[in-house]
2 protein chains.
Amino acid sequence: MADRHGPELAAPLAERLRARGLRLTTQRQRVLAAVAALEHATPEAIGARLREEAGPDGAAPDTSTVYRTLELLERLGLVWHTHLGKGAPVYHAAEHPHLHVVCQGCGEITSADPALLAAAAERLAADLGFQLDVGHVALSGTCRACRGRAGTEHS
Amino acid sequence: MADRHGPELAAPLAERLRARGLRLTTQRQRVLAAVAALEHATPEAIGARLREEAGPDGAAPDTSTVYRTLELLERLGLVWHTHLGKGAPVYHAAEHPHLHVVCQGCGEITSADPALLAAAAERLAADLGFQLDVGHVALSGTCRACRGRAGTEHS
DNA sequence: CTCGCTGCAAAGCTTTTGCACCTGT
DNA sequence: ACAGGTGCAAAAGCTTTGCAGCGAG
């Protein structure tokens, strides 16, 4: 099930790489598959996943390769990233656009319907000529579970 | 004009510090003033500003103090921070709530009316029990000026 | 056969932490 | 005087970069 996104993405990857005269490598295919499988993954998490998949054979791509590849995949339009908090960019496959809702309390990430921001997007476009990029948006707040816990902190 | 926010914030600062048995120091007052003056400031920018204000006298707070103070001020509810991109948390005074609109192209930050997300906030609350924190939200996209430039990149 | 890609390792940054000294109360 | 705060410097993450060898086309 880890590669249920694999086949769907393999074709576009090869295609877009060829179109630019770039090469299709095992590492690139694996990184893309990992991003798709882990819905909200940090570079670190992706690396871990790859290392895990590779097993003791140790054939996992190097960290620097993961970073370089993520950057490339993003340029190819196959993945997107969002900054949810501190130093943690999160990558996800560009297949199904969705926005991220992040709880400040527990750090849980939920995907939400992009339509949620349709109204806001229209107003930004009308008022400022600003084109909202829904895929990159992260909405912060507090989830239901943490609302109870909140406020317990001081006094 | 740099300290037009100073007086407004000085009182709450002293007050909240005393309420917790903490001390009012010059550094804390300066950091708060700098955050208020620079509307969207990174810790680095705040440090630079303080160093600049201090002049050759060199009486600027240390970087570590800036970080510690920002954390404290946030705990006191006097400032808020948002993550707009890479490793760049942006702090702003908690006086006037507003959300941030950031252009991916030029990095320009615009403030927008929190009401923009009122509808989205209500739906998140209703559907997920999620309380949206408008002050922390950053909306990414492309500004009018950069829309022209965009797309020029590939083919 | 060529040039792009990868792995390794070191450099770069921003942010955090430990400690001794200084300062607000 | 007492505790909290600050500065300094070292440590810690996370990401980027240089280079030589490997591999796709």
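If you're wondering where the values come from, they're calculated on a predicted model, not measured in any experiment. Order of the sequence lines fixes the chain letters, A, B, ..., with proteins taken first and strands second; residue numbering starts at 1 for each chain.
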* Heavy-atom distance under 4.5 Å between the side chains of B:L22 and B:R28, does that happen here? -> yes
* For B:R20 and B:L76, run side chain to side chain contact (heavy atoms under 4.5 Å, CB included): C-alpha distance rounded to whole Å, both residues' side-chain angles, the deciding distance at 0.1 Å, then the answer. => CA-CA 9 Å; B:R20 293 191 170 210; B:L76 295 179; 3.8 Å; yes
* Structure fact -> The answer to which of B:T69 and A:P89 contacts DNA chain D further toward the 5' end, by nearest nucleotide, is B:T69
* Asked: For the pair made of CG in B:L70 and C1' in D:dT6, what is the distance, rounded to whole Å?
  -> 15 Å
* Asked: How many Å lie between CG on A:L76 and P on C:dG4, as a whole number?
  -> 16 Å
* Given atom CG of A:L17 and atom P of C:dT6, what is their separation to the nearest angstrom? -> 10 Å
* Should B:R28 be listed as having a side-chain N or O under 4.0 Å from OP1 or OP2 of D:dT6? -> yes
* Asked: How would you list, by chain and number, every residue that makes a side chain to side chain contact (heavy atoms under 4.5 Å, CB included) with A:E15, sequence neighbours excluded?
  -> none
* Hey, could you give me each pair passing salt bridge (charged side-chain N to carboxylate O under 4.0 Å, His left out) that has a residue in residues 60-72 of chain B? Not counting sequence neighbours. => B:E71-B:R75
* Asked: Tell me: CG of A:L13 to P of C:dC5, nearest whole Å?
  -> 12 Å
* Structure fact -> residues 29-50 of chain A vs ring pair (Phe, Tyr, Trp, His ring centres under 6.0 Å), sequence neighbours excluded, gives A:H40-A:H98, A:H40-A:H100
* **Qualifying residues under side chain to side chain donor-acceptor pair (under 3.5 Å), relative to A:H136, sequence neighbours excluded** => B:Q104
* Looking only at side-chain N and O atoms, does A:Q27 come under 4.0 Å of OP1 or OP2 in C:dG7? -> yes
What nitrogen or oxygen pairs link the protein and nucleotides 23-25 of chain D at under 3.5 Å?
{"residue": "D:dG23", "atom": "N2", "partner": "A:R23", "partner atom": "NH1", "Å": "2.3"}

* Asked: C:dT14 C1' sits how many Å from A:H83 NE2, rounded?
  -> 14 Å
* How close or far is atom P of C:dT16 from atom CG of B:L72, stated in whole angstroms? -> 14 Å
* Asked: With A:L24, which residues qualify under side chain to side chain contact (heavy atoms under 4.5 Å, CB included), at least two apart?
  -> A:L13, A:A14, A:L17, A:Q29
* Structure fact -> Residue pairs meeting salt bridge (charged side-chain N to carboxylate O under 4.0 Å, His left out), one or both in residues 126-141 of chain A, sequence neighbours left out, come to A:R123-A:D127
* In chain order, what residues pass the side chain to side chain contact (heavy atoms under 4.5 Å, CB included) check against B:L124, with sequence neighbours excluded? -> A:V101, A:L116, A:L139, B:L128, B:F130, B:L132
Restricting to nitrogen or oxygen on both sides, can you table the protein-nucleotides 8-12 of chain D pairs closer than 3.5 Å?
{"residue": "D:dC8", "atom": "N4", "partner": "B:S64", "partner atom": "OG", "Å": "3.2"}

